Amino acid sequence: MYSTASESAAAGAQSRDVDTPAADVVDSAAAGETIREAESTTRQRVLQLVVEEGPISAAALGSELQLTAAAVRRHLDAMTEQGILEVKNVTTRRRGAGRPSRRYVVSQRGQRTMGDDYLGLVKTALSLLQDDRDASLEAGVAAQPESNQPESSQPETTQVAAAALARGYFAGFEQRWETELSGIEDLDARTDRLSQLFNEEGFAGFTRLVGRDNPLLAMQSTQLCQGHCPIREIAAAHPVFCEEETDMISRLLDVDVRRLSTQAAGAHVCTTHVPVGRERLAAEQRERAAASAEAELQISAAAGATHSSRRVSGGRKRIVISPRQQERLS
């Protein structure tokens with residue numbers, strides 16, 4: 001049965017729908033857009049932290065980003081369903097044989113969504129091919145087709161080509177970054193600036209300080225990390241790209257570095273060990289050795305002056321004899 005009260009309620013609702021100002025509708029849409037932008041920004045922050053700190057737990061993410069556990073898990077679940085993140089079950093010593101802890105890392109699909117730099121590689125490859133063609137034409141030598149080459153020489157040719165491509169690719173970064181790092185003497189500051197340059201080029205660069213509470217200076221180091229590798233698939237097929245990148249880092253920092261892990265080999269983060277403490281210890285030892293050498297030089301100079309002052313004309317030495325020695329000689 002249709003009552004009067006129901007009719008009044010329906011009329012009131014219809015009246016509200018009709019009388020709702022357009023400004024309120026616009027404000028509501030704007031508010032919804034603002035919420036969506038905030039959600040997107042928070043999700044990017046969560047993803048960036050997983051890139052830098054993964055494998056990382058939801059609790060650690062919430063603590064770092066100052067978000068509630070429910071908010072963090074909402075973003076983590078969404079990105080896990082999209083295949084951007086994946087879960088790793090980690091059993092720590094504190095947990096023992098109990099339930100493993102869930103840790104989040106960026107998946108291979110997630111790495112692809114962060115972008116690749118194969119266009120840069122293609123440009124470098126085409127440039128190298130053009131240079132080789134020009135050099136062959138100038139020498140009057142026609143390039144032999146690869147299909148006509150012996151099978152045994154083809155893998156070697158591929159390796160040589162990959163090495164040349166890797167050098168050409170990273171040479172562009174090195175030329176630009178060398179100027180940026182030229183005025184930074186401190187190795188820690190230099191490494192931190194290099195991580196920023198990696199980050200600006202899409203490598204998600206950051207640093208980790210290791211062993212800073214260790215009393216032994218030589219045990220202190222910095223880890224230069226890259227949470228994303230735009231060329232990881234090619235680097236997986238041709239490890240020479242990782243080797244060339246490591247050599248570039250060593251030249252830019254002017255110190256011997258060691259690669260601990262690479263995404264091309266299956267790790268979630270590319271990590272390069274920078275021996276900051278060892279270099280500082282060596283610098284201190286060089287300073288002490290220089291100071292000691294300078295002190296010895298000053299002592300030698302002073303001794304030489306005293307020795308020469310005791311000389312008399314004719315190049316003979318003046319001998320000082322005590323009265324008791326004189327009595328014995330007489």
Side-chain angles (χ1 to χ4, degrees), residues 52 116-128 131-132 158-212 217-265 267 269-287:
E52 296 182 1
D116 296 323
D117 190 30
Y118 296 117
L119 178 60
L121 275 176
V122 169
K123 289 180 178 178
T124 304
L126 291 175
S127 177
L128 290 173
D131 292 342
D132 291 342
T158 302
Q159 293 175 5
V160 172
L165 181 57
R167 285 193 298 270
Y169 177 73
F170 287 109
F173 294 111
E174 186 170 0
Q175 290 172 3
R176 296 196 304 271
W177 295 351
E178 191 172 9
T179 304
E180 293 280 344
L181 299 172
S182 59
I184 305 176
E185 297 295 334
D186 182 71
L187 184 55
D188 250 340
R190 196 177 179 90
T191 306
D192 188 63
R193 179 55 183 151
L194 181 56
S195 73
Q196 296 173 11
L197 294 172
F198 267 116
N199 190 56
E200 292 170 4
E201 294 292 342
F203 288 83
F206 60 97
T207 58
R208 293 172 176 166
L209 303 182
V210 179
R212 297 311 168 100
L217 182 60
M219 299 302 294
Q220 299 178 5
S221 65
T222 297
Q223 290 183 353
L224 175 61
C225 303
Q226 298 153 247
H228 176 59
C229 177
I231 57 170
R232 66 194 173 282
E233 293 181 9
I234 288 184
H238 302 284
V240 68
F241 279 87
C242 297
E243 297 170 5
E244 184 58 38
E245 184 184 48
T246 305
D247 292 341
M248 179 192 70
I249 293 173
S250 180
R251 290 191 296 269
L252 288 172
L253 296 180
D254 194 23
V255 64
D256 291 332
V257 300
R258 181 163 55 92
R259 211 63 183 267
L260 301 181
S261 64
T262 63
Q263 294 181 47
V269 177
C270 298
T271 306
T272 304
H273 173 84
V274 182
V276 174
R278 189 189 70 188
E279 292 301 310
R280 288 179 177 171
L281 180 60
E284 291 181 2
Q285 291 174 344
R286 288 193 296 269
E287 290 178 1

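Here the structure is a predicted model, which is why all the values come from computation and not from measurement.
Across Leu281 and Ala218, no two heavy atoms sit closer than the pair CD2-CB, 3.8 Å. Nearest heavy-atom pair across Ala236 and Pro239 is O-CD, 4.4 Å. Closest approach of Arg259 to Cys242, counting heavy atoms only: NH1-O, 3.2 Å. The two residues Ala267 and Ser261 make their nearest non-hydrogen contact at CB-CB, 3.8 Å.
Rounding to the nearest 0.5 Å gives a distance of 10.5 Å between CD of Glu174 and CD1 of Ile249. Rounding to the nearest 0.5 angstrom, the gap separating the CG atom in Asn199 from the CG atom in Leu194 is 11.5 Å. Atoms CZ and OG1, on Arg258 and Thr271 in that order, are 11.5 Å from each other to the nearest 0.5 Å. Separation of atoms CD (Glu245) and SG (Cys270) is listed at 6.5 Å; rounding is to 0.5 Å.
With contacts defined as side-chain heavy-atom distances shorter than 4.5 Å, the pair Val210/Thr222 does not qualify. Proximity of Gln223 to Val274: side-chain heavy atoms (C-beta onward) are nowhere separated by under 4.5 Å. With contacts defined as side-chain heavy-atom distances shorter than 4.5 Å, the pair Thr246/Phe170 does not qualify. Residues Thr262 and Phe241 fail the side-chain proximity criterion, which asks for heavy atoms closer than 4.5 Å. A 4.5 Å side-chain heavy-atom check between Met219 and Arg278 finds every atom pair outside the cut-off. Contact annotation: the side chain of Phe206 approaches that of Arg208 to within less than 4.5 Å [non-hydrogen atoms, C-beta and beyond]. A 4.5 Å side-chain heavy-atom check between Pro275 and His273 finds at least one atom pair inside the cut-off. Using a 4.5 Å cut-off on side-chain heavy atoms (C-beta onward), Leu217 and Glu284 make contact.
Judged by distance alone, with hydrogens and angles left aside, the side-chain atoms of Thr272 form no donor-acceptor pair with the main-chain N or O of Leu260 at under 3.5 Å. In this structure a side-chain-to-backbone donor-acceptor pair under 3.5 Å is present from Arg190 to Leu181. Side-chain N or O atoms of Arg193 include none that pairs as donor or acceptor with a backbone N or O of Ile184 at under 3.5 Å. Checking side-chain atoms of Ser250 against main-chain N and O of Asp247 turns up no donor-acceptor pair under 3.5 Å.
Donor-acceptor pairing under 3.5 Å is lacking for the side chains of Gln263 and Gln226. Counting only N and O atoms by type, the side chains of Ser195 and Thr207 include no donor and acceptor under 3.5 Å apart.
By the neighbour-count criterion of 12 heavy atoms within 6.0 Å, atom CD of Glu185 is sparsely surrounded, having that number or fewer from other residues, nucleotides or ligands.
Applying the side-chain contact (heavy atoms from CB on, under 4.5 Å) criterion to Glu201, with sequence neighbours excluded, gives Phe173, Arg176, Trp177, Phe203. Listed by chain and residue number, Asp188, Ala189, Arg280 satisfy the side-chain contact (heavy atoms from CB on, under 4.5 Å) test with Asp186 (two or more places apart in sequence, or in another chain).
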- Item | Chi angles and distances behind the side chain to side chain contact (heavy atoms under 4.5 Å, CB included) call for Arg212, Val276 | CA-CA 10 Å; Arg212 297 311 168 100; Val276 174; 4.1 Å; yes
